[in-house]
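Let me begin by presenting the structure, written as structure tokens, before commenting on it.
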Amino acid sequence: MHIASAASRLTLSQLAPGVLQSEIRAMSVECDRIGGINLAQGICDTPVPAPVLEAAVQAIHDGYNIYTRLDGIARLRNAIAAKQKKDYALDYDPESEILVSSGATGGLHAAAMALLNPGDEVILFEPFYGYHAATLQSLRVKTVLTPLAEPDWTLDTDALRAAITPKTRAILLNTPANPSGKVFTLAELQVIAELAIEHDLFVLCDEIYEYFVYDGARHISPATLPGMRERTIVFSGFSKTFSITGWRLGYVTGDARWLGAMAYFHDLTYVCAPSAFQHAAAAGLEQLPPSFYMQLAADHQSKRQRILSALRDAGFEPGVPAGAYYVLAGANHLPGKTSAEKARHLLTKTGVASVAGSAFFRKGRGENLLRFCFAKRDQELDEACARLRKL
Ligand code: PMP
């Protein structure tokens with residue numbers, strides 16, 4: 001007999017009510033509904049480099065359709081090790097210090113599972129990338145937001161120092177950063193490194209936009225600073241560099257002491273990263289010349305200029321990103337009390353989807369900002385710019 005009870009056990013978890021559809025995805029859905037141009041999601045629909053695309057098809061034909069070793073195929077781990085050595089003079093053992101992951105996203109999740117306990121505090125810089133905060137919170141890790149100083153989002157050393165408590169276990173960093181386009185300077189990274197060493201903290205660094213740097217800016221990995229290799233976990237991937245966001249392929253590098261546990265947790269969720277695509281990414285790393293990466297930056301610098309100019313013409317006050325492929329723009333002139341209202345207004349008026357700035361800040365901040373992604377094919381970007389100018 002069913003006994004009615006006030007306290008049903010058919011409930012969502014304590015965490016679940018906080019996990020709402022992200023505003024970014026909500027804008028994409030609305031944009032699709034009205035047939036607009038989506039500058040909201042960082043989906044980067046520029047073409048996949050030919051060697052990568054062809055190697056993926058070939059790998060499927062060649063039968064690479066089964067599970068791989070839990071930390072990825074040797075060929076790709078070797079290629080990632082060679083890349084880190086060439087780009088940053090960092091030495092990682094492909095046997096024990098590289099995890100091929102299901103995107104940088106899967107990499108962060110595995111890293112957090114392996115290193116952090118519920119109740120631990122992790123410092124994030126604000127504006128932050130929503131997945132970083134939500135991933136940690138979903139593991140019951142407390143995120144502590146440290147604002148970067150406007151207008152250029154420079155590091156506020158005092159704010160960072162003040163955010164560190166006895167419960168702090170890690171600083172999570174994204175350079176070049178989404179959504180601000182900030183590229184942390186050597187001096188800033190030295191401050192972060194100094195505090196991390198002084199307080200014995202991990203530094204988790206999302207370097208997915210490493211090749212998207214403009215005006216001569218240089219990406220520096222905190223792992224390269226003295227005393228930092230053992231405590232820095234880099235997570236990155238191929239989504240952006242090879243325009244393969246849907247393939248779900250990334251990697252984590254770090255000291256062998258930590259990597260085994262990360263691979264264990266990654267295995268529990270994903271078993272392995274997509275097999276055929278691992279071969280494709282390896283082919284890309286092996287075959288694409290340095291000019292590919294330079295062209296990638298040059299192409300996006302030109303896209304950045306086009307969107308900046310259109311945004312200014314349309315009355316926005318855009319920040320100039322030094323890296324990544326987003327512009328955060330002030331939208332004082334748009335009606336609406338919140339940035340979500342402003343984004344909806346812009347979508348209705350122009351058919352251009354952006355993301356409400358509030359998605360990247362604590363409650364009450366970012367309400368005047370909209371984020372625009374400019375990693376779009378030129379034709380689509382130009383159409384979006386033309387529509388913005390008609391505002
Ligand atoms: N990190 C940052 C900062 C991003 O902006 C994104 C894409 N929006 C990701 C990670 C996602 O990377 P991946 O596709 O490798 O999971």
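Both ligands and their constituent atoms are indexed starting at 1 by order of listing.
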Give the atoms of ligand 1, by number and element, whose distance to some non-hydrogen atom of Asp206 is under 4.0 Å.
1 (N), 2 (C), 3 (C), 10 (C)
Quick check: Lys240 and ligand 1, any N/O pair under 3.5 Å apart?
yes
Ignoring angles and geometry beyond distance, decide whether Ser236 reaches within less than 3.5 Å of ligand 1 through its nitrogen or oxygen atoms.
no
Should Ala104 be listed as contacting ligand 1, given a heavy-atom distance under 4.0 Å as the test?
yes
Within less than 4.0 angstrom of ligand 1, does Gly237 place any heavy atom?
no
The test is salt bridge (Lys or Arg N to Asp or Glu O under 4.0 Å); show your working for Glu383 and Arg377 and say whether it passes.
CA-CA 10 Å; Glu383 171 62 22; Arg377 288 172 200 255; over 6 Å; no
Using the ring of each side chain (for Trp, its six-membered ring), is His132 parallel, tilted or perpendicular to Phe235, with breaks at 30° and 60°?
perpendicular
Contact region, Thr105 to ligand 1, non-hydrogen atoms below 4.0 Å, reads both
Counting each atom of ligand 1 from 1 as listed, which ones have a heavy atom of Asn178 under 4.0 Å away?
3 (C), 4 (C), 5 (O)
Within 45° of the six-membered ring axis of Phe184 and under 6.0 Å from that ring's centre, is NZ or CZ of Lys182 located there?
yes
I'd like the name of whichever of Thr175, Thr241, Ile208 reaches closest to atom 12 (O) of ligand 1 through any heavy atom.
Ile208
Using a 4.0 Å cut-off to any heavy atom of Asn174, which atoms of ligand 1 qualify?
3 (C)
For Val271, the other hydrophobic cluster members (4.5 Å side-chain criterion, sorted by chain and number) are Tyr67
Using 30° and 60° as the class boundaries, would you call the ring planes of His333 and Phe316 parallel, tilted or perpendicular?
perpendicular
Check: Trp258 ring centre within less than 6.0 Å of Phe202 ring centre
yes
Tyr131 near ligand 1, heavy-atom distance under 4.0 Å?
no
Among Tyr88, Tyr209, Phe212, Tyr214, which one satisfies ring pair (Phe, Tyr, Trp, His ring centres under 6.0 Å) with His219?
Tyr88
What residues form a side chain to side chain contact (heavy atoms under 4.5 Å, CB included) with Asn117, not counting sequence neighbours?
Asp120, Arg169
Proximal atoms of ligand 1 relative to Arg248 (non-hydrogen, under 4.0 Å)
13 (P), 14 (O), 16 (O)
